[in-house]
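Take a look at the structure set out below.
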Number of protein chains: 2
Amino acid sequence: MPTPEKTSFSRIVAAGRDLLEAGGQQGLTMQNVAERVGVRAPSLYKHVGNRAALLAAVAEATVDDLVARLESTDGSIEGLARGYRQFAQAWPEGFRLMFSAGAPPEALARVAAPVLHASRQLVGERDALEAARLVTAWAAGFIKMELAGAFRLGGDVDRAFEYGLVGIRRALAGDH
Amino acid sequence: MPTPEKTSFSRIVAAGRDLLEAGGQQGLTMQNVAERVGVRAPSLYKHVGNRAALLAAVAEATVDDLVARLESTDGSIEGLARGYRQFAQAWPEGFRLMFSAGAPPEALARVAAPVLHASRQLVGERDALEAARLVTAWAAGFIKMELAGAFRLGGDVDRAFEYGLVGIRRALAGDH
DNA sequence: CCATCGTAGCTAATTATGTTAGCTATCGAC
DNA sequence: GTCGATAGCTAACATAATTAGCTACGATGG
């Protein structure tokens with residue numbers, strides 16, 4: 001190595017995640033990241049390519065965490081859905097980024113795997129993909145609406161989530 | 001009025017919508033909007049406040065169109081969901097904006113109304129709000145994943161949508 | 001032990017964009 | 001016909017991303 005490295009790719013990504021949660025995508029500027037890791041902004045380009053690549057890396061790191069969170073559940077539809085939601089509440093900006101920014105498709109596939117597995121158990125091989133898409137769409141949609149503040153019309157959001165979960169199970173129950 | 005107006009709020013919003021669909025949020029710059037309506041960028045501020053306000057106005061106009069589209073359906077869960085999806089495919093960027101940008105909560109409520117009505121018919125007053133949230137979350141989630149290209153793992157997306165629709169109806173059927 | 005080479009970081013500069021300040025010209029009201 | 005309000009304009013500024021080119025340091029090979 002030349003001049004001793006004052007930072008590294010992984011530190012930069014970590015700083016990016018912090019800033020993202022603290023100030024949204026707007027707060028994640030190259031300047032802010034640089035300041036946080038202790039270099040000047042142009043030096044980041046020795047490690048990162050550009051801001052879009054950094055966002056993608058942040059998204060991918062977030063996916064990794066989400067996958068770990070899902071793997072720590074009991075693998076049931078309910079467990080996965082609740083884990084999904086808890087993760088989104090803990091890392092709301094990262095969760096948003098996963099879908100908006102160019103998260104590598106490969107990464108999204110990793111998130112899908114546990115849901116696909118659970119669906120296969122429930123409805124069999126033939127409809128597993130469609131069932132997984134039903135579950136994932138509902139969970140992702142619910143959570144994003146919750147994060148977007150679209151549930152301001154009163155009612156208990158937790159209750160709505162559990163109600164939906166019961167409905168989703170019923171949707172898949174009488175199937176195969 | 002002073003100096004004859006060369007543009008107007010509604011023209012600016014219309015230009016914003018065009019640019020949004022053509023080039024995403026990135027393509028919607030004040031410069032581009034100004035050029036399209038035939039003035040210089042700073043003149044836009046005589047009509048619009050700032051870019052965020054313009055995005056909000058574009059979002060609201062999009063909501064208006066969506067509501068009109070939904071009101072032209074038969075009002076069933078299936079009709080609403082398909083209308084929702086068709087609208088999103090016709091105006092993908094506007095659809096995305098509706099949730100991401102600061103769409104006025106009042107506007108989102110207007111979209112919710114037809115779904116709420118259909119849900120009430122199906123499950124009764126007590127659970128109508130929860131049921132509507134189930135339907136809306138699934139549809140919005142499905143469509144956003146479709147737009148995000150999250151369905152690259154093979155399978156027929158249309159079939160998955162119809163499968164989901166059957167499931168959602170079953171979820172609400174055995175309820176009340 | 002020294003010469004060399006590759007590279008992380010730096011400063012300076014460029015570009016793009018949003019936004020503000022201040023001027024001007026024109027239209028409607030009196 | 002004069003006057004006031006204001007849409008649009010040019011010029012300027014702030015912030016951000018990014019590029020160009022330099023520098024210094026440390027690993028490596030003689």
Side-chain angles (χ1 to χ4, degrees), chain A residues 1-61 93-94 96-97 100-104, chain B residues 1-61 93-94 96-97 100-104:
Chain A
M1 294 147 208
T3 289
E5 300 193 343
K6 298 169 70 174
T7 187
S8 68
F9 181 69
S10 58
R11 277 165 198 254
I12 289 170
V13 172
R17 294 184 72 179
D18 288 350
L19 288 167
L20 181 70
E21 293 302 332
Q25 283 204 34
Q26 269 202 3
L28 198 167
T29 68
M30 300 303 268
Q31 292 274 355
N32 287 347
V33 171
E35 183 178 357
R36 176 154 312 208
V37 300
V39 300
R40 300 306 185 110
S43 302
L44 295 176
Y45 292 82
K46 294 289 161 78
H47 300 273
V48 169
N50 57 31
R51 182 168 179 270
L54 175 55
L55 284 173
V58 167
E60 187 154 12
E93 293 294 337
R96 260 190 276 265
L97 183 69
S100 73
Chain B
M1 294 147 211
T3 289
E5 302 193 343
K6 298 170 72 175
T7 186
S8 67
F9 181 70
S10 58
R11 276 164 199 256
I12 288 171
V13 172
R17 295 184 71 178
D18 290 349
L19 289 168
L20 181 70
E21 293 302 331
Q25 283 205 32
Q26 269 202 1
L28 198 167
T29 67
M30 300 302 270
Q31 292 275 353
N32 287 346
V33 171
E35 183 177 356
R36 177 156 309 211
V37 301
V39 300
R40 300 307 184 109
S43 302
L44 295 176
Y45 293 81
K46 293 291 162 76
H47 300 274
V48 170
N50 57 30
R51 183 168 178 269
L54 174 55
L55 284 174
V58 168
E60 187 154 13
E93 293 294 338
R96 260 190 276 266
L97 183 69
S100 74

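A, B, ... follow the sequence lines: proteins, then strands. Residue 1 opens every chain.
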Worksheet item: Just by distance, do the side chain of A:E93 and the backbone of A:A22 share a donor-acceptor pair under 3.5 Å?
Response: no

Practice prompt. Can you tell me the distance, in whole Å, between the NZ atom of A:K46 and the P atom of D:dT18?
Written response: 15 Å

Fill in: Protein-nucleotide distance (A:Y45, atom OH; C:dA13, atom P), rounded to Å
18 Å

Worksheet entry | Nucleotide nearest A:T7 (side chain, heavy atoms from C-beta), chosen from D:dG8, D:dT18, C:dG9 | C:dG9

Worksheet item: A:M30 and A:L54: side chain to side chain contact (heavy atoms under 4.5 Å, CB included), yes or no, with the steps?
Response: CA-CA 9 Å; A:M30 300 303 268; A:L54 175 55; 4.3 Å; yes

Worksheet item: Closest heavy-atom contact between A:L28 and A:L19?
Response: CA-CB, 4.4 Å

Discussion item. Please report the distance, rounded to the nearest Å, between CD in B:Q31 and P in C:dT19.
Written reply: 12 Å

Discussion item. Minimum heavy-atom separation for B:P104 and B:A56, please, with both atom names.
Written reply: CD-O, 4.3 Å

Worksheet, complete the sentence: With sequence neighbours left out, the residues meeting salt bridge (charged side-chain N to carboxylate O under 4.0 Å, His left out) with B:R17 are B:D65

Item to complete: Respond yes when some side-chain nitrogen or oxygen of B:H47 is under 4.0 Å from OP1 or OP2 of D:dG8, and no when none is.
Response: yes

Worksheet item: Donor-acceptor pair under 3.5 Å: do we get one between A:K6's side chain and the base of C:dG9?
Response: no

Worksheet item: Could you give the CG-to-C1' distance, from A:N50 to C:dA16, as a whole number of Å?
Response: 15 Å

Worksheet item: Can you check whether B:T29 has a side-chain N or O nearer than 4.0 Å to OP1 or OP2 of C:dT17?
Response: no

Worksheet, complete the sentence: In whole angstroms, the gap separating C1' of C:dG18 from CD1 of B:I12 amounts to 15 Å

Practice prompt. Determine the minimum heavy-atom distance between B:A59 and B:L97, stating which atoms define it.
Written response: N-CD2, 3.7 Å

Worksheet item: Crowded around B:R36 CZ? As in, over 12 foreign heavy atoms under 6.0 Å?
Response: yes

Contacts under 3.5 Å, N or O only, protein and nucleotides 11-15 of chain D:
none

Item to complete: Find the distance B:E5:CD to C:dA25:C1' and express it as a whole number of Å.
Response: 15 Å

Worksheet item: When you look at B:Q25 and B:S100, which way does the side chain to side chain contact (heavy atoms under 4.5 Å, CB included) test go after all the steps?
Response: CA-CA 11 Å; B:Q25 283 205 32; B:S100 74; 3.4 Å; yes

Worksheet entry | Strand-adjacent residues in residues 32-40 of chain B, judged by heavy atoms under 4.0 Å from DNA chain C | none

Practice prompt. Give the rounded distance in Å between these two atoms: CG of B:L28 and P of C:dA16.
Written response: 18 Å

Practice prompt. Specify the separation, in whole Å, of atom CG of B:L54 and atom P of C:dG18.
Written response: 10 Å

Worksheet item: If every non-hydrogen atom of B:V48 is compared with every non-hydrogen atom of B:F9, which pair is closest and at what distance?
Response: CG2-CD1, 4.3 Å

